[in-house]
Trainee: 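The following block contains the structure, expressed as structure tokens.
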Amino acid sequence: MTRWTVQQVSALAPDASSLAAARRLARPGPWSDTGSTDTLVWGKCQGSGKTPYQVSVDLTGPAFQCTCPSRKLPCKHGLALLMLWVEASGSVRDAAEPAGFAAEWAAERAARGAGRAADPAAGGARAERSPDPAGQAKRLEERLGLMTGGMDDFARWLGDLARSGTASVRSQPYAWWDTAGARLVDAQLPGLADQVRSMASDVSSRSDWAEHLLSAMGRWWTVTRAWSLRDSADEDAMGDLRAVIGWSVPTQSVRDRDSVTDRWTVLGAHRTDDGRLQQQRTWLHGAACDETVQVLDFAAGGQVLPMARVVGSVLDATLARYPGTGVRRALFVDDPGMTDLRGELPRPDSIDAALATAAATWAVNPWAWRVPVALGGVRATVLDDSGRAGAALVDEAGEALRVAGDSPVWPLLALTGGHPTDVFAELEGRRVRPLSAVVDGELVSL
């Protein structure tokens, strides 16, 4: 397998402190018994104890194993080992056979994967229980009643806000928004609750807050109207509605419904953490189906998010797609295998063309607020529009998109020196969040 780049390894770090610690360890001194094959990298790292830590990395996942006590995934030892391997300085040499501890771990991973494939219903006594149709129907009826009451309450809240005007909204404390969000959570509408709570910071920080709020209110109102018409909605329309309100679709029904096997390029990923829930979005583009989908991972409480996929890598995988239109969510049917590190962006467009694509998406699904776009020949800069300075992406025609406030533009500036390049990004209205860029012919994470 082609050796990765330092940027691809760095993008796997769970946080900045792990990356800094890994860089300090990425030197031959603490390492012994290192080696690599086409699919595995391994080594032993001497820590503060007597026994060195055994570190193994499966490049096809990637997946990590380390005997250190850290709960981070990957830990600093796994990242440091990959950095040594990437340097190709001779510290991690190619080998015909893996070390015993690495081979044993790889065999255990393969056995677990084979077990899941042979028995997809595995899960112990819980999986063997037969469903209670009457109980399920009763619980569904109770939930729908609760959700309908919450929708009616939300519609009244929106109506009151529209009648009183939005001018005074900016002076409202966070508790005002949080109370509305809490009522939506109680009504089992967590997706809407998250949007309402996020609006509290948006109206305080965005210079275009009035336009942004009015647009959101329009989308929220269409949700309340669509809910009242849900009995006549088809499966895809109902899938869009469930996604925006946060009503999950059973995983098994997704697996049974629609799947596609393809070579998927990892275009970019983004993590968020609101204090209650961590989310990781990973964008993939299929070579044959020519579709870009998102894979969502969540972690709550003390849980840890799965390790991010390597941006620019190509995965041979089968994905099952959730019901919906426009921007589709998907999940991996089985463990994907990495086959290449030279993935490419799908047909970069101008900013005008990207906005037209987004408009077409919103025409069929007005709640798909976040649209993936590939922008060609854009450069990062700072715009001062009517006294509102901020980072932006500008294309060759002079069209510009402001960069989202939670997306620092400095990594893109550092990698490109302000020169035009192709960028993969999430488009949210008239704002953009760059996730990866083509640098020296390779797609790298930002």
Side-chain angles (χ1 to χ4, degrees), residues 4-15 19 61-62 262-273 278-287 289-298 305-315 317 319 326-332 336 338 340-349 351 354 357-358 361 368-380 391 393 401 403-416 420-429 431-446:
W4 301 1
T5 65
V6 174
Q7 291 92 341
Q8 288 170 328
V9 176
S10 300
L12 299 176
D15 51 47
L19 182 58
D262 208 334
R263 300 184 77 245
W264 300 91
T265 297
V266 182
L267 299 178
H270 183 66
R271 287 187 172 188
T272 60
D273 185 353
Q278 299 178 70
Q279 182 192 96
Q280 177 175 271
R281 295 190 298 274
T282 304
W283 294 97
L284 308 170
H285 182 79
C289 68
D290 195 26
E291 181 180 3
T292 300
V293 299
Q294 60 176 328
V295 175
L296 300 181
D297 295 298
F298 301 94
L305 282 169
M307 187 177 54
R309 301 285 173 182
V310 178
V311 171
S313 63
V314 179
L315 311 176
L319 292 179
V327 181
R328 301 282 293 277
R329 181 186 171 188
L331 58 82
F332 289 106
M338 186 191 302
D340 196 359
L341 284 168
R342 303 284 180 177
E344 298 180 348
L345 279 181
R347 294 187 305 278
D349 281 326
I351 287 178
T357 299
T361 300
W369 179 238
R370 187 176 295 113
V371 178
V373 293
L375 303 173
V378 295
R379 58 183 177 86
L393 299 184
L401 287 171
V403 175
D406 64 349
S407 181
V409 76
W410 309 118
L412 180 58
L413 280 169
L415 288 169
T416 65
T421 190
D422 296 340
V423 170
F424 174 76
E426 297 173 335
L427 184 62
E428 298 177 347
R431 299 207 173 192
V432 67
R433 178 180 295 105
L435 299 183
S436 62
V438 177
V439 180
D440 295 331
E442 295 185 0
L443 188 62
V444 299
S445 177
L446 298 176

Trainee: Quick one: does Leu267's side chain get under 4.5 Å of Leu284's, heavy atoms only?
Mentor: no
Trainee: More than 12 heavy atoms of other residues, nucleotides or ligands under 6.0 Å from CD of Glu442: yes or no?
Mentor: yes
Trainee: Go through the steps for Phe298 and Leu296 under the test side-chain contact (heavy atoms from CB on, under 4.5 Å), then give the verdict.
Mentor: CA-CA 7 Å; Phe298 301 94; Leu296 300 181; 3.8 Å; yes
Trainee: Working to the nearest 0.5 Å, report the span between CG of Leu446 and OG of Ser436.
Mentor: 6.0 Å
Trainee: May I have all residue pairs that pass salt bridge (Lys or Arg N to Asp or Glu O under 4.0 Å) and include part of residues 405-414, sequence neighbours excluded?
Mentor: Asp406-Arg433
Trainee: Between Glu344 and Val438, is any pair of side-chain heavy atoms under 4.5 Å apart?
Mentor: no
Trainee: How many angstroms lie between atom CZ of Arg281 and atom NE2 of His270, to the nearest 0.5 angstrom?
Mentor: 5.0 Å
Trainee: Does atom CG of Asp440 have more than 12 heavy-atom neighbours from other groups under 6.0 Å away?
Mentor: no
Trainee: Give a yes or no answer on whether the side chain of Asp297 reaches the backbone of Pro306 with a donor-acceptor pair at less than 3.5 Å.
Mentor: no
Trainee: Pair Trp283, Leu435 - check side-chain contact (heavy atoms from CB on, under 4.5 Å), show working.
Mentor: CA-CA 10 Å; Trp283 294 97; Leu435 299 183; 3.7 Å; yes
Trainee: Quick one, Leu331 and Val295 - any side-chain contact, counting heavy atoms below 4.5 Å?
Mentor: no
Trainee: Indicate whether any N or O donor in one side chain lies under 3.5 Å from an N or O acceptor in the other, for Gln280 and Arg271.
Mentor: yes
Trainee: Hey, does the side chain of Ser407 reach the backbone of Val403 with a donor-acceptor pair shorter than 3.5 angstrom?
Mentor: no
Trainee: In Å, rounded to the nearest 0.5 Å, how long is the span from CG of Leu315 to CZ of Phe332?
Mentor: 5.5 Å
Trainee: Is the shortest distance from a Lys or Arg side-chain nitrogen in Arg347 or Asp290 to a carboxylate oxygen in the other one below 4.0 Å?
Mentor: yes
Trainee: Should Val373 and Asp349 count as side-chain neighbours, where that means a heavy-atom distance under 4.5 Å?
Mentor: no
Trainee: Are Pro434 and Leu393 side-chain neighbours, meaning at least one heavy-atom pair lies under 4.5 Å?
Mentor: yes
Trainee: Can you name the closest pair of heavy atoms from Arg370 and Val327 and give their distance?
Mentor: O-CG2, 3.8 Å
Trainee: With the side chain counted from C-beta on, respond yes when Leu319 and Val293 share a heavy-atom pair under 4.5 Å apart, and no when they do not.
Mentor: yes
Trainee: So which heavy atom on Trp264 is nearest to which on Cys289, and how close?
Mentor: CH2-SG, 3.7 Å
Trainee: Between Gly405 and Arg431, what is the shortest heavy-atom contact and its length?
Mentor: N-NH1, 4.3 Å
Trainee: Can you name the side chain to side chain donor-acceptor pair (under 3.5 Å) partners of Thr421, sequence neighbours left out?
Mentor: none
Trainee: Does either side chain, that of Thr292 or that of His285, offer a donor lying less than 3.5 Å from an acceptor on the other one?
Mentor: yes
Trainee: List the atom of Ala11, the atom of Ser445, and the distance in Å for their closest heavy-atom pair.
Mentor: CB-CB, 3.7 Å
Trainee: Search all heavy atoms of Gly377 against all heavy atoms of Asp422 and return the closest pair with its distance.
Mentor: N-OD1, 3.0 Å
Trainee: Please tell me if the side chains of Val444 and Val311 come closer than 4.5 Å, counting only heavy atoms from C-beta onward.
Mentor: no
Trainee: Show the nearest heavy-atom pair for residues Ala354 and Leu427, with the distance to one decimal.
Mentor: O-CD2, 4.1 Å
Trainee: Report yes if some heavy atom in the side chain of Ser313 is under 4.5 Å from a heavy atom in the side chain of Arg342; otherwise report no.
Mentor: no
